[in-house]
Protein chains: 2
Amino acid sequence: MPKRAAPAKRQRRERGSLNPEDIIQGAFELAEVVSIDGLSMPMLGRHLDVGVTSIYWYFRKKDDLLNAMTDRALSRYAFAAPFVEADHWRETLRNHARTMRETFLGNPILADLILIRSALSRDAARQGAQGIERAIATLVKAGFTVDAAFDLYSAINLHVRGSVVLQRLYDKNKEIEAGASAYYDDITIEPETTPLLAEAMAKGRRSGAPDDHNFEYGLDCILDHAGRLLDPGN
Amino acid sequence: MPKRAAPAKRQRRERGSLNPEDIIQGAFELAEVVSIDGLSMPMLGRHLDVGVTSIYWYFRKKDDLLNAMTDRALSRYAFAAPFVEADHWRETLRNHARTMRETFLGNPILADLILIRSALSRDAARQGAQGIERAIATLVKAGFTVDAAFDLYSAINLHVRGSVVLQRLYDKNKEIEAGASAYYDDITIEPETTPLLAEAMAKGRRSGAPDDHNFEYGLDCILDHAGRLLDPGN
DNA sequence: ACCTGAACACCGTTCAAGT
DNA sequence: ACCTGAACACCGTTCAAGT
């Protein structure tokens with residue numbers, strides 16, 4: 001006569017059997033399934049087969065654990081999307097922007113931790129600063145003033161982060177949409193009231209959606225602007 | 001001998017004393033203090049001096065309430081930031097982008113509901129579509145093709161939303177920072193390891209921060225791009 | 001030094017009433 | 001038809017132990 005699955009009675013763990021690295025690792029495994037938003041301490045305890053409170057010996061707050069995850073994610077990301085120099089500064093920047101974007105889009109956990117939560121440790125911030133420094137150096141070598149290079153890189157950086165964040169938020173809300181009745185079935189475009197919109201969207205354009213096309217468009221704007229700055233003749 | 005503030009024993013409300021409009025109104029008042037993230041149903045019940053469960057008679061889920069708030073916020077916003085035509089399409093677009101941004105920045109609740117949560121009702125989506133239609137019509141009148149006008153408006157729209165969302169996330173995380181020890185005291189730029197960055201930031205530039213300067217820069221890129229499309233000579 | 005369950009204050013939500 | 005408290009399953013976190 002099974003009694004409603006009695007609380008599962010775990011064996012007591014040995015003394016050295018738990019460590020911060022395993023906890024972080026397990027947290028990533030779990031987040032892969034339930035996303036960062038869905039991650040909870042009790043769930044993580046179950047996933048690791050540990051009493052919830054044991055986790056608190058290593059991370060005094062859930063925030064501390066998320067910070068540690070961010071640090072680890074960031075170091076892997078920096079490895080995955082370095083600033084690679086191509087022949088021309090234009091290609092270099094474009095490639096950088098694209099790989100940065102694709103890295104985030106392909107890894108929502110990374111985006112949630114780094115872009116949405118974005119609590120960087122001092123160490124991570126320093127590492128990021130060095131990446132920016134290299135990028136600016138490349139641009140200065142190509143003929144930009146330090147200020148122009150700085151503004152240009154910032155613009156690219158913001159464009160990528162903005163695009164990714166909007167897309168991530170869009171995807172998140174769409175996942176929930178599953179049960180929503182009247183909400184966001186799909187944007188209804190009626191040719192009677194909005195003929196121009198209907199015309200443009202009939203050709204495959206997506207309204208205000210953060211997609212590849214809109215990303216490339218904004219990227220071109222920034223690169224063209226920079227190009228004319230460097231070479232007013234063209 | 002006060003007994004730890006006994007549960008406050010509210011009077012029972014009369015039958016017609018509660019209605020959805022009041023609930024939404026109270027929710028906004030509360031959100032003004034605790035932000036959208038901090039809004040909870042029990043808190044709202046206390047604020048309205050109503051049993052928590054009474055709210056559930058009008059809104060079956062917290063999500064429904066937030067959707068209703070979004071709808072109301074959106075209608076006020078549309079009123080606050082209409083698409084005003086200036087002499088030149090360039091001014092028109094620039095003004096539109098700026099007022100849109102300022103509206104959101106000045107009203108974090110609006111930003112949280114519309115940009116971050118962004119669950120639009122079919123009605124709101126339709127209203128939004130009509131605004132876009134008007135904008136595109138203006139641009140077509142100025143000489144753009146429908147496709148070009150559509151892309152241009154989308155780019156502006158994305159730029160504004162991206163900038164605002166990044167800034168809002170940045171502000172949110174900074175509020176929490178209060179208790180964080182080693183995290184994000186302020187980005188340390190060391191002239192020894194990152195001299196170019198240090199040089200640019202000494203002149204007042206903010207690293208990858210979503211600020212006025214970076215916003216205007218991106219806006220110029222888009223408008224210049226559009227200008228050259230319309231008038232290749234310049 | 002490390003691991004643990006009981007306990008607390010909170011949350012969103014359901015249910016079976018009261019009026 | 002509307003308003004209600006008790007109750008449930010969840011959460012983050014603390015505390016006083018156990019080994």
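Residue numbers start from 1 in every chain, and the chains themselves are labelled A, B, ... in the order their sequence lines are given, proteins ahead of strands.
Rounded to whole angstrom, the span from the CD atom of A:Gln11 across to the P atom of C:dG5 amounts to 11 Å. One can place CD1 of A:Ile55 at 16 Å from P of C:dC2, the figure rounded to the nearest angstrom. Whole-Å rounding puts the A:Arg46 CZ to C:dT4 P distance at 15 Å. Between the C1' atom of C:dC10 and the CG atom of B:Asp37 lies a distance of 16 Å, rounded to the nearest Å.
Annotation: the span from A:Asp49 atom CG to A:Ser54 atom OG amounts to 10.5 Å, rounded to 0.5 Å. Considering CD1 of B:Ile136 and CG of A:Leu197, their distance stands at 4.5 Å, rounded to 0.5 Å.
Among residues two or more places apart in sequence or in another chain, the salt bridge (Lys or Arg N to Asp or Glu O under 4.0 Å) test is passed with B:Asp211 by none.
Aromatic ring orientation, A:Phe215 versus A:His159: parallel (interplanar angle below 30°, classes split at 30° and 60°). Between A:Phe104 and A:Tyr77, the ring planes lie parallel to each other; the angle is under 30°, not in the 30° to 60° tilted range.
At the heavy-atom level, A:Tyr58 lies under 4.0 Å from the strands shown only through sugar-phosphate atoms.
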Side chain to side chain donor-acceptor pair (under 3.5 Å) between A:Glu21 and A:Gln25: does it pass, once the steps are laid out? CA-CA 6 Å; A:Glu21 211 39 62; A:Gln25 169 68 22; over 6 Å; no
Where do B:Arg168 and B:Asp171 land on the salt bridge (charged side-chain N to carboxylate O under 4.0 Å, His left out) test, with the steps shown first? CA-CA 5 Å; B:Arg168 178 77 189 110; B:Asp171 290 346; 5.3 Å; no
Yes or no on salt bridge (charged side-chain N to carboxylate O under 4.0 Å, His left out) for B:Arg117 and B:Asp63, after CA distance, side-chain angles and deciding distance? CA-CA 10 Å; B:Arg117 192 161 171 285; B:Asp63 248 31; 3.3 Å; yes
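For DNA chain D, each stem of at least three Watson-Crick or G-U pairs (distances under 3.5 Å) is given as range with range: C:4-8 with D:12-16, C:12-16 with D:4-8.
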Nucleotides 12-19 of chain C: protein proximity per nucleotide (B base, S sugar-phosphate only, - neither; heavy atom, under 4.0 Å): SBB---B-
